[in-house]
2 protein chains.
Amino acid sequence: MFSQSEENYIKTIYHLEADFKKGISTNAIAKKLDTKASSVTDMIKKLSEKDVVTYKKYQGVTLTDFGKKTAANIVRKHRLWEVFLVDKLNFSWDEVHEVAEQLEHIKSPKLINELDAFLEYPKRDPHGDPIPDKEGNLQIIEKSLLSTLKENEIGVCVGVDDSSSEFLRFLDKQGVALGKQIKVVEKEPFDGSLVIEMDGKTLSVSNKIASNLYIQKSR
Amino acid sequence: MFSQSEENYIKTIYHLEADFKKGISTNAIAKKLDTKASSVTDMIKKLSEKDVVTYKKYQGVTLTDFGKKTAANIVRKHRLWEVFLVDKLNFSWDEVHEVAEQLEHIKSPKLINELDAFLEYPKRDPHGDPIPDKEGNLQIIEKSLLSTLKENEIGVCVGVDDSSSEFLRFLDKQGVALGKQIKVVEKEPFDGSLVIEMDGKTLSVSNKIASNLYIQKSR
DNA sequence: ATATATTTTTAGACTAACCTAAAAATATAT
DNA sequence: ATATATTTTTAGGTTAGTCTAAAAATATAT
Ligand SMILES: [Mn+2]
Ligand SMILES: [Mn+2]
Ligand SMILES: [Mn+2]
Ligand SMILES: [Mn+2]
């Protein structure tokens, strides 16, 4: 059984590995967890002791299979709770993260399995991120950043890269939501902005937005 | 904002005060929390510092109004989560306590208010205990231990005193549940056992059970 | 290749929440 | 009333998780 703090480290390493492969640096972890590198070194030693990570001094850290499974289970809980908050308790997608950050640490296998069933086995969380199954496997879908699409390409909005409240609320204001069909009408090379068609209307989105929105291209 | 540990102390003092009025002893708290008296003294000082309790050395501890409100809010969360687990996630009434013990510490006013609404504002938890409202008030109902009823008195089962898994599962086995009508047929002075009528059948219950079951008498 | 900058680890401290053992206060029994 | 028992507090330690500052290792730039 892991402490809340240990779980937060494990989850963070998992997310960093998804982005940057093996050998996650002390500093990278410290930055994500808003703590100091020296604290990370301490914790890393403990996690290595517990066979969650492999660790060679100065070489960064990598999750073991056991560590990966543990991490996936925490992520599974986090995302299932997010679905619960949005689907059942009227939270909006920009409000769920902080609470899920707490709920993910509740220890009860029955709770999480029953929650999964109650929510009818959702496959993705409110931000479009996949929910790992009990074994820790998660299905990856083919998705591309909106900014990488070419003119006239069409797709469906399936996720966000940055899921900060600010970004999500901004998307709300623009009427952008998961499941919406988007067509790239025009790309502006000067500032990287795009003119897109959505809900039959055309609007312009900045490069900043376009490089944070995931699109599943229509074949 | 209080730590999980502080919250557990506050809640425990609250429950003890309900049973024994003011001036809760260090030892009583230690026993309930399964910790040492010296640890309790430490924590009591901190809580007194934070104006949760009033404390005079060797005189025991009493919740302030602020302390009472804080406690009631924790109890509110505990009981609402218990209702959720039973009503929505197929937990039985003997399985919920341990999980609610964790869930009660989640910090999010919106979460608990939405949960309350989602559950349609329940008034009692699965054990018949009242759920405090947002202000910390809880409605008390007139209830008596089954063991105090006289022959031929009739009432409805509305709660349990001991809510240990063992007792609750035993009640399940006997077919006793909240809401069941019970009539005292006969009292056995020798061992304090009772013959009762329930669901049209008569059965005998030991004194141990009769003094852990709350009945609301039919006027 | 060497100097400089950056990253990582170590050393030493702090706080929260525990503990044991001893001392002090209070309660109980004769 | 005094002696004894019990309860409560104090004193001093431990562990988890954090911090700052300094030392060591590694990376980068000339
Ligand atoms: Mn968390
Ligand atoms: Mn999410
Ligand atoms: Mn608790
Ligand atoms: Mn209960």
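What you see is a predicted model; the values in this text were computed from it and never measured. For the numbers below, each heavy atom of this structure counts, side chains included, while hydrogens, waters and symmetry mates do not. A, B, ... follow the sequence lines: proteins, then strands. Residue 1 opens every chain.
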**Item:** Atom-pair distance (CG on B/D42; C1' on D/dG12), nearest Å
**Value:** 12 Å
**Item:** Rounded distance in Å - CZ (B/F2) to P (C/dT15)
**Value:** 20 Å
**Atom-to-atom span, CD1 of B/I29 to C1' of D/dT7 - whole angstrom** = 13 Å
**Length of the line joining B/Q59:CD and D/dT8:C1', which is rounded to integer Å** = 11 Å
**Request:** Report yes if a donor N or O on one partner sits less than 3.5 Å from an acceptor N or O on the other, where the partners are the side chain of B/T41 and the base of D/dT10; otherwise report no.
**Result:** no
**Item:** Atom NZ of B/K110: over 12 foreign heavy atoms under 6.0 Å
**Value:** yes
Donor-acceptor pairs under 3.5 angstrom involving side-chain atoms of residues 7-15 of chain B: please list them, not counting sequence neighbours.
| residue | atom | partner | partner atom | Å |
| --- | --- | --- | --- | --- |
| B/E7 | OE1 | B/H105 | ND1 | 2.7 |
| B/E7 | OE2 | B/K107 | NZ | 3.2 |
| B/N8 | OD1 | B/H105 | NE2 | 3.0 |
| B/K11 | NZ | B/E101 | OE1 | 3.2 |
| B/K11 | NZ | B/E101 | OE2 | 2.6 |
| B/K11 | NZ | B/E104 | OE1 | 2.9 |
| B/K11 | NZ | B/E104 | OE2 | 3.0 |
| B/T12 | OG1 | B/N8 | O | 2.8 |

**Complete:** Exactly one candidate in B/D125, B/D116, B/D133 meets side chain to side chain donor-acceptor pair (under 3.5 Å) with B/R76; the answer is B/D116
**Item:** Carboxylate-amine/guanidinium contact A/D172 A/R169, below 4.0 Å
**Value:** no
**Asked** Roughly how far, to the nearest 0.5 Å, is OG of B/S39 from CG of B/D34?
**Response** 10.5 Å
**Item:** D/dT18: pairing nucleotide in any strand, Watson-Crick or G-U under 3.5 angstrom
**Value:** C/dA13
**Prompt:** B/N27 side chain N/O closer than 4.0 Å to the phosphate oxygens (OP1, OP2) of D/dT6?
**Reply:** no
**Prompt:** Which of parallel (below 30°), tilted (30 to 60°) and perpendicular (above 60°) describes B/F84 and B/F118?
**Reply:** tilted
**Distance test, side-chain N/O of A/K36 to OP1/OP2 of C/dT9, below 4.0 Å** = no
**Request:** State which of D/dT8, D/dT18, D/dT26 makes the closest approach to the side chain of B/S25.
**Result:** D/dT8
**Request:** Return the nucleotide paired to C/dT7: Watson-Crick means purine N1 to pyrimidine N3 with N6-O4 or O6-N4, wobble means G-U with N1-O2 and O6-N3, both under 3.5 Å.
**Result:** D/dA24
**Item:** Below 4.0 Å: OP1/OP2 of C/dT10 and any side-chain N or O of A/K45
**Value:** yes
**Prompt:** What does A/S5 touch in the nucleic acid at a heavy-atom separation under 4.0 angstrom: a base, only the sugar-phosphate, or nothing?
**Reply:** sugar-phosphate
**Message:** For a quick test of reading the model: is some side-chain N or O of B/T35 closer than 4.0 Å to OP1 or OP2 of C/dC18?
**Reply:** no
**Prompt:** Given atom CD1 of B/I24 and atom C1' of D/dT8, what is their separation to the nearest angstrom?
**Reply:** 15 Å
**Request:** Can you tell me the pairing partner of C/dA1 across any strand shown, Watson-Crick or G-U wobble, with both distances under 3.5 angstrom?
**Result:** D/dT30
**Request:** Have a look at B/K56 and say if it touches a base, only the backbone sugar-phosphate, or nothing, with a 4.0 Å heavy-atom cut-off.
**Result:** nothing
**Request:** Send over the distance from B/K31 NZ to D/dT8 P, rounded to a whole Å.
**Result:** 11 Å
**Prompt:** Can you check the A/Q4 CD to D/dA16 P distance for me, whole Å?
**Reply:** 16 Å
**Request:** Look at the side-chain N and O atoms of A/S38 and state whether any lies under 4.0 Å from the OP1 or OP2 oxygen of C/dT10.
**Result:** no
**Asked** Looking at A/Y9, does any N or O in its side chain come under 4.0 Å of the phosphate oxygens OP1/OP2 on D/dA16?
**Response** no
**Prompt:** Could you state the CG-P distance from A/D34 to D/dT18, rounded to the nearest angstrom?
**Reply:** 11 Å
**Request:** Compare side-chain N and O positions of B/Y58 against OP1 and OP2 of D/dT6 and report whether any pair is under 4.0 Å apart.
**Result:** no
**Toward the 5' end of DNA chain D, by each residue's nearest nucleotide, A/K57 or A/M43** = A/M43
**Prompt:** Think B/T26 has a side-chain N or O under 4.0 angstrom from the OP1 or OP2 of D/dT7?
**Reply:** no
